[in-house]
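For reference, the structure discussed in these notes is given below.
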Amino acid sequence: MTGVPASAAGGSSSARRTGPRGTSGAAQEPVGRTNPGSAVERVAAERAATDRGTTDQGTTDRGTTGRGSAERGSTEGGAAGRGGKIAAAAVNQASVWNVANLLTMLRLLLVPAFVALMLGNGGYDPAWRSFAWAAFAIAMITDLFDGHLARTYNLVTDFGKIADPIADKAIMGAALICLSALGDLPWWVTAVILGRELGITVLRFVVIRYGVIPASRGGKLKTLTQGIAVGMYVLALTGPLATLRFWVMAAAVVLTVATGLDYVKQAIVLRRRGIAERRAALKETEA
């Protein structure tokens, strides 16, 4: 029996068995060949990185867009704010032409008309004096209504605050000066009334930094009495009415002086209180 030694046969068989496995193992990881699984992972990673970059770019674009929108919104808001201010200024300017201010303007226009009528035909014509009284009466009545309308319907304006007291004093001063110039009223009465009116007006502006002096009932009564007395002097009255107007004017002068002194007292108290409050505030700040 010509036999091949078992070891050789086994070795040959083993070699044959090992060879395919070795070859298979070598085939599993050949040199220079890419693993399909690794390639897929790298492609997926690259795609994910690309997506993240696109997302980051989109986020940046959205952020830029958001900032642009915010800037446009800020610009538009600023423009809208300026437009609102311009519109508000236009409304305030238009509000000057309200009923209360128109009545005040009418009173100012009545002043030269009153003077012309009062001095017409020498200043002693009863007919001309009657027309002058009508102009004076209209001016005094509108004085009662314009302030009431402004406060009731919120028509108070800077123009009204300045023009209203000017119109009041202008018509009253014109009447008093005309009466004194014509010899119907002593000059000292005109000086007392006008001096008090101008003095209190200046006093109000002096103490306005400390507060406002409110109008008193005495002041309103004084204004009413002055209007009645001056109106009676404008008319060419004779007899008992002429005597009556003397006493009405005397009452007006007394009220003028008394209320003037009261305003001075209020101004002094208001100023002292304001100074004391400022000193107290200064001490608290230093402490």
Side-chain angles (χ1 to χ4, degrees), residues 88-118 132-179 189-234 252-253 255-264 266-267 270:
V91 170
N92 290 336
Q93 183 66 24
S95 67
V96 172
W97 300 96
N98 58 59
V99 177
N101 287 345
L102 290 176
L103 290 176
T104 301
M105 295 176 192
L106 174 62
R107 233 170 38 253
L108 288 170
L109 294 175
L110 283 173
V111 173
F114 168 80
V115 173
L117 294 170
M118 188 71 181
W133 177 87
F136 180 81
I138 293 173
M140 298 304 294
I141 292 172
T142 56
D143 179 33
L144 298 176
F145 281 104
D146 62 354
H148 175 73
L149 290 173
R151 291 186 297 269
T152 303
Y153 297 101
N154 195 25
L155 300 176
V156 179
T157 61
D158 292 336
F159 171 80
K161 293 177 182 178
I162 297 173
D164 183 69
I166 292 176
D168 297 342
K169 292 168 178 56
I171 190 68
M172 183 61 69
L176 291 169
I177 292 173
C178 286
L179 289 172
V189 174
T190 298
V192 168
I193 295 177
L194 292 184
R196 184 267 187 196
E197 298 298 332
L198 295 176
I200 295 303
T201 300
V202 172
L203 187 63
R204 284 178 182 273
F205 281 106
V206 169
V207 299
I208 196 170
R209 68 182 67 179
Y210 306 109
V212 178
I213 303 175
S216 62
R217 293 182 178 179
K220 295 178 181 179
L221 180 60
K222 178 268 305 177
T223 302
L224 178 62
T225 308
Q226 281 183 0
I228 295 173
V230 172
M232 294 179 72
Y233 268 87
V234 170
V253 171
L255 287 172
T256 298
V257 175
T259 55
L261 294 175
D262 181 64
Y263 275 117
V264 171
Q266 291 186 52
L270 189 63

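Positions are given from 1, in the same order as the sequence printed here.
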List the atom pairs, with distances to 0.1 Å, where a side-chain N or O of residues 161-178 and a protein N or O form a donor-acceptor pair under 3.5 Å, not counting sequence neighbours.
residue: Asp164; atom: OD1; partner: Arg107; partner atom: NH2; Å: 2.8
residue: Asp168; atom: OD1; partner: Arg107; partner atom: NE; Å: 3.3
residue: Asp168; atom: OD1; partner: Arg107; partner atom: NH2; Å: 2.7

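- In this structure, the separation between NZ on Lys220 and CG on Leu144 is 10.5 Å, given to the nearest 0.5 Å.
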| task | In sequence, state the C-alpha distance, the side-chain angles, and the governing distance for Leu179 and Thr190, and then conclude on side-chain contact (heavy atoms from CB on, under 4.5 Å). | result | CA-CA 9 Å; Leu179 289 172; Thr190 298; over 6 Å; no
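- Minimum heavy-atom separation, Leu203 to Tyr263: CD2-O, 3.9 Å.
- Here the side chain of Thr152 pairs no donor or acceptor atom with the backbone of Leu149 at under 3.5 angstrom.
- For the atom pair CG of Leu109 and OG1 of Thr104, the computed distance is 11.0 Å after rounding to the nearest 0.5 Å.
- Closest approach of Trp97 and Leu102 over heavy atoms only: CE3-CD2, 4.0 Å.
- The CD1 atom of Ile138 sits 7.5 Å away from atom CG of Leu106, with the distance rounded to the nearest 0.5 Å.
- Considering only heavy atoms from C-beta on, Val99 stays 4.5 Å or farther from Tyr153 through its side chain.
- Summarising the geometry of Ile193 relative to Thr256, their closest heavy-atom pair is CA-CG2, 4.1 Å, with the distance given to 0.1 Å.
- Residue pairs meeting the salt bridge (charged side-chain N to carboxylate O under 4.0 Å, His left out) criterion with at least one partner in residues 190-200, sequence neighbours excluded, are Glu197-Lys222.
- Distance check, rounded to the nearest 0.5 Å: CG of Leu110 to CG of Leu117 gives 9.5 Å.
- The OG1 atom of Thr157 sits 3.5 Å away from atom CG of Asn101, with the distance rounded to the nearest 0.5 Å.
- With sequence neighbours excluded, no residue forms a side chain to side chain donor-acceptor pair (under 3.5 Å) with Thr225.
- Of the candidates Val206, Ile200, Val202, Ile208, Arg204 forms a side-chain contact (heavy atoms from CB on, under 4.5 Å) with just one, namely Ile200.
- Taken from NE2 in His148 to CG in Leu103, the straight-line distance is 12.0 Å, to the nearest 0.5 Å.
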